[in-house]
Asks: 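Below are the structure tokens for one structure; questions will follow.
Given the structure is predicted, the values throughout are model-derived calculations rather than measurements. Order of listing sets the numbers, starting from 1, for every ligand and every atom in it.
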Amino acid sequence: MHFPSPLTFVLTGLTPVHGLCTPCKRGIWQDAAPIPIAPRQEHTTVALSPSTLAILGGIVPSDSFYSTTDMMQLYHIKNNSWTSAASIPLPLNHANAAVVDGKLYLLGGLAVAPDGAWRAVPDCWVYTPNNNRWSAISPMPNGTARGSAAVGVHEKTIYLAGGMTTLDIPGGGYQDSVDTLISFDTHSGKWKTHLRQNLPEGRDHAGSAVIGSTHYVLGGRYFGQQGKRDTVFSLDLRNPDATWQTSPARMPTPRGGVSTGVFGSEIYIFGGEGNTEAGSNGVFHETEVYNVASRTWAKMAPMRLPTHGTSAVTVGHRVYIPGGGIHQSANPVNNTEVLCI
Ligand SMILES: *[C@@H]1O[C@H](CO)[C@@H](O)[C@H](O)[C@H]1NC(C)=O
Ligand SMILES: *[C@@H]1O[C@H](CO)[C@@H](O)[C@H](O)[C@H]1NC(C)=O
Ligand SMILES: *[C@@H]1O[C@H](CO)[C@@H](O)[C@H](O)[C@H]1NC(C)=O
């Protein structure tokens, strides 16, 4: 048998055949191309297609602390590179977004109010990749605007569970949590408020996934950093009379500001903030995996670069985690971390 020399092996291993190093071995972290222009935090990540990811909005460093951006950038998996796309119509952080039938729906988020606080706006838009254009769609129902919701897609409908309406950093950091469920039917273009399906407790900055027809809301927080949670809530989206269930299996490490990957019956919860252990910078490095079939938690390779305030997306056997903050509250980075699963 022929074994390649260690040098050949290293070179082969690092050749970006389809953008990233191959092979993709479960539990191995890799680096994809960093986000150009500016590091990013509190942005939203989606897969526009199996070959293109998008990051929307978020905050970037500026002369006056941080500013909220309207940038949208695309990551191309095949050539491991980024391009810019049409800006989102309003600078937003903690935006809610999802892709249905190849179109990108941006359903509100937090905008900078005149007093400098971040407050939820109900405005919604749809983006069509073919012509790189945004257009307005029905806003969220009166009184239900939110950012940082647990977003899930089932069939043609986008569900927004929980979220927050206010994050007032200049005013001392007050933040709230929402417990309501609303949904947007991309087919009819109409919103619905699910009056009987409030979450058992308000949540924002939570993990979120839909597997089969069940929406899961994992961890997150309740009224701020001190309210970090370890719960797993689930709702059967097929049954209009169903209510949220709380799994007896709690997330091993309670945290908010997490990002989420989904693969088969597994939900990966990455990083987050609210870590009070000395030397942690307030950021968690944990990767914890919930198996929805066995209702058990397992630990997996921790993040090499622990982050919070980002959002992840799974394509094939890889979870992509662009940007995020490496200190509690702030310090955005441009790194794009990838975990093979
Ligand atoms: C990413 O951030 C690092 C550290 O700040 C910087 O040196 C590098 O130029 C940035 N990369 C890009 C593509 O902007
Ligand atoms: C990567 O692919 C995208 C999509 O095809 C293209 O727009 C972009 O120019 C390519 N970038 C490089 C560096 O080849
Ligand atoms: C929205 O709700 C507010 C109170 O929450 C009310 O004052 C206002 O009239 C409502 N607007 C519409 C269009 O229903």
Asks: Take Tyr159 and Trp244, measure what ring-ring contact (aromatic ring centres under 6.0 Å, His included) needs, and give me the verdict at the end.
Replies: CA-CA 13 Å; Tyr159 292 83; Trp244 291 91; 9.0 Å; no
Asks: Find out whether Leu106 and Leu104 are in side-chain contact, i.e. whether some heavy atom of one side chain is under 4.5 Å from a heavy atom of the other.
Replies: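 Heavy-atom side-chain distance check fails, nothing below 4.5 Å.
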Asks: Which class fits the ring pair Tyr75 and Trp82: parallel under 30°, tilted 30 to 60°, perpendicular over 60°?
Replies: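 Tilted, since the angle between the ring planes falls between 30° and 60°.
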Asks: Check each atom of ligand 2 against the heavy atoms of Ser81 and keep those under 4.0 Å away; list them by number with element.
Replies: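 Here the atoms of ligand 2 in question are 1 (C), 10 (C), 11 (N), 12 (C), 13 (C).
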Asks: Report yes if some N/O of Asn79 lies less than 3.5 Å from some N/O of ligand 2; otherwise report no.
Replies: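 Yes, since at least one N or O of Asn79 sits under 3.5 Å from an N or O of ligand 2.
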Asks: Donor-acceptor pair, Thr231 side chain versus Phe233 backbone, under 3.5 Å?
Replies: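 No, because the side chain of Thr231 does not come within donor-acceptor range (under 3.5 Å) of the backbone of Phe233.
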Asks: Picking from Gln41, His43, Glu337, what satisfies side-chain hydrogen bond (donor to acceptor under 3.5 Å, both in side chains) with Thr310?
Replies: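 Testing each of Gln41, His43, Glu337 against Thr310, the sole residue satisfying side-chain hydrogen bond (donor to acceptor under 3.5 Å, both in side chains) is His43.
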Asks: Does the side chain of Leu339 reach to within under 4.5 Å of the side chain of Ile321, using non-hydrogen atoms?
Replies: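 They are not in side-chain contact.
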Asks: Is there a side-chain contact between Leu167 and His94 in this structure, where contact means two heavy atoms from C-beta onward sitting under 4.5 Å apart?
Replies: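 Leu167 reaches His94 side chain to side chain.
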Asks: Which ligand 2 atoms does His76 reach within 4.0 Å, using its non-hydrogen atoms?
Replies: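 Within the 4.0 Å cut-off of His76, ligand 2 contributes 2 (O), 3 (C), 4 (C).
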Asks: Compile the protein residues with any heavy atom at a distance under 4.0 Å from an atom of ligand 1; present them by chain, then by number.
Replies: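 For ligand 1, the residues that come within the 4.0 Å heavy-atom cutoff are Pro34, Ile35, Asn334.
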